[in-house]
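Note on naming: letters A, B, ... go to the chains in the order of the sequence lines (proteins, then strands), and numbering restarts at 1 for each one.
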There are 2 protein chains.
Amino acid sequence: MESKTDLAILGMLTVEPMSGYDMKQFCEQSLAHFWHESFGNLYPRLKRLANNGLIKGNRVPSERGPDAILYSLTTRGRTRLQTWLLEPPEAEHVRSEFMLKFFFGAHAPADVIDQMLLEYEQQQTRIRQHYKIIEETLRSADDEREESFFWLLSLRRGQLLTAARLRWCRECRTKFANHKNKEPLND
Amino acid sequence: MESKTDLAILGMLTVEPMSGYDMKQFCEQSLAHFWHESFGNLYPRLKRLANNGLIKGNRVPSERGPDAILYSLTTRGRTRLQTWLLEPPEAEHVRSEFMLKFFFGAHAPADVIDQMLLEYEQQQTRIRQHYKIIEETLRSADDEREESFFWLLSLRRGQLLTAARLRWCRECRTKFANHKNKEPLND
DNA sequence: AAAACCATGTAATTGGTTACATGATTGG
DNA sequence: CCAATCATGTAACCAATTACATGGTTTT
């Protein structure tokens, strides 16, 4: 009954009270490189959590649009989050269509794979720029929140991984340049 | 109706004819760091694909156990694989429970997160060793298959990413050592 | 003879996506 | 006034996991 989404919600509410809409944005801005949520999942989960007393919601007028439901953590919710943090994380079932395609890339025309790599490189470059902005925001915030220690390290991980992906991309594209004259597998 | 699993199956069958059991092993050995399949998903998919004429299966005696159904690509299957490779990969919905926990790590006792990082580091070290073995196997194979170009580059990506994760892990654990005296957030 | 591995399969469940519907508010 | 953004919600769908069931073969 309890999904990881529930825990993500509880986690986000430790940052500050949020609406479902806020959470979607928080996912896209701050958790994007390791977490994802959709509205169709978020809203029903929020209702359930409120019914179970882990969060509570108040209808409030929004500064920028129609009324929103601002949720905040209850004691039970905070406790649940803390016990979850004590459990070891479950094994992940990764599925990267990009890498699946690349792995079987011998069966595609070379320039198609090359193009795919180019777009991947551009995407990673955009991500790198995004990280830079986040880093400035985090460092310049004189909030001095305890959490910023973990937020900066999470960011750091994203930066190291993006750098590695970019390096791989360039290596690939170089090797590809020599390889390109050959035709795709004649199958 | 068609899932990515179908394409993964078609892809694996370009390597050689395989049974469902073989495919599960292939996923665990060769695609592990970017693809995952379960039996409960694989077997029904294989039947569907065979019914639709994208693959065909023959019951054969196994060298090491009970009879197996050896599947191989049909012309239609190979064509489907090739057209899929031309399409750009879909955006991925990443969900890393490990990172979710880490991001909210300020709400857990420091030594719990430290332990989590330690286990993560050990896991990545094991993966690195696994890659080393695969690399030797791939390089020493005098198959000289066209595909090995892509296989080695896929491996290379795994190695770069694992190195980045290990580096991050060590950075984290160092910073943690200084941070540890502080208590978890008093919430 | 038991344990471990080989091999295939099905049923129940579930967690989540997509698409759709609605409507308020703001900015150009 | 129109488009974009803000905001919440539901219904249909689906892909995949988990758990279960079965039984052959090899190794110890």
Check your understanding: What nucleic acid atoms does B:Ser38 come within less than 4.0 Å of, heavy atoms only: base, sugar-phosphate, or nothing?
Key -> base

Check your understanding: For A:Leu46 and D:dA7, what is the distance between atoms CG and C1' respectively, to the nearest whole Å?
Key -> 12 Å

Check your understanding: Is A:Lys101 salt-bridged to A:Glu97, cutoff N-O under 4.0 Å?
Key -> yes

Practice item. Assert yes or no for the condition that the ring centre distance of A:Phe150 to B:Phe104 is strictly below 6.0 Å. Key: no

Study note, to complete from the structure: A:Phe39 atom CZ is separated from C:dA19 atom C1', nearest whole Å, by 14 Å

Review point. Starting at CZ of B:Arg95 and ending at P of D:dA15, how long is that distance when rounded to a whole Å?
Key: 18 Å

Check your understanding: Considering only D:dT10, D:dT8, C:dA24, which nucleotide approaches the side chain of A:Pro66 most closely?
Key -> C:dA24

Point to revise | Parallel, tilted or perpendicular: rings of B:Phe103 and A:Trp151 (30°, 60°) | key: parallel

Practice item. Take the protein atom CZ of A:Arg45 and the nucleotide atom P of D:dT8, then report the distance between them rounded to whole Å. Key: 18 Å

Practice item. Side chain of B:Tyr43 only, please: which of C:dG9, D:dC6, C:dG15 is the nearest? Key: C:dG9

Exercise for review: Give one of base, sugar-phosphate or nothing for B:Arg59, where a contact means two heavy atoms less than 4.0 Å apart.
Suggested key: nothing

Check your understanding: For A:Ile69, which contact category applies under a 4.0 Å heavy-atom criterion: base, sugar-phosphate, or nothing?
Key -> sugar-phosphate

Point to revise | Presence of B:His36 side-chain N/O under 4.0 Å of D:dT17 phosphate oxygens OP1/OP2 | key: yes

Check your understanding: So which one's nearest nucleotide on DNA chain D is more toward 5', A:Glu90 or B:Glu2?
Key -> B:Glu2

Check your understanding: To the nearest Å, how far apart are B:Asp67 CG and C:dG9 P?
Key -> 12 Å

Revision key, fill the gap. Ranking C:dT10, D:dT25, C:dG16 by distance to the side chain of A:Asn41, first place goes to C:dG16

Check your understanding: Between C:dC6, D:dC14, C:dT8, which nucleotide has the shortest distance from any of its atoms to the side chain of B:Ala68?
Key -> C:dT8

Review point. Contact class for B:Gly20 vs. all strands (heavy atom < 4.0 Å): base, sugar-phosphate, or nothing?
Key: sugar-phosphate

**Study point:** Axial cation check for A:Phe39 ring with A:Lys24, 6.0 Å and 45° limits
**Key:** yes

Practice item. Under 4.0 Å between any heavy atoms, over every strand shown, what does A:Lys47 touch: base, sugar-phosphate, or nothing? Just pick one. Key: sugar-phosphate

Review point. Want to settle it: does A:Gly65 or B:Gln25 sit nearer the 5' end of DNA chain C, counting the closest nucleotide to each?
Key: B:Gln25

Review point. Out of D:dA16, C:dC6, D:dT8, which nucleotide sits closest to the side chain of B:Ser3?
Key: D:dA16

Review point. D:dG24 P sits how many Å from B:Tyr21 OH, rounded?
Key: 17 Å

Point to revise | Atom-pair distance (CZ on A:Arg48; C1' on D:dT10), nearest Å | key: 16 Å

Check your understanding: Closest to the B:His93 side chain: C:dT10, C:dT17, C:dA7?
Key -> C:dT17

Review point. Which atoms form the tightest heavy-atom contact between B:Leu85 and A:Val112, and what is the distance?
Key: O-CG1, 3.6 Å

Point to revise | Minimum heavy-atom distance between B:Ser154 and B:His33, given as atom pair plus value | key: O-NE2, 4.2 Å

Check your understanding: To the nearest angstrom, how far is B:Leu42 atom CG from C:dT8 atom C1'?
Key -> 11 Å

Point to revise | Out of C:dC6, D:dC6, C:dT14, whichever nucleotide has its closest atom nearest the side chain of A:Arg64 | key: D:dC6

Review point. Looking only at side-chain N and O atoms, does B:Ser19 come under 4.0 Å of OP1 or OP2 in C:dC6?
Key: no

Check your understanding: Any side-chain N or O of B:Thr5 less than 4.0 Å from the OP1 or OP2 oxygen of D:dA15?
Key -> no

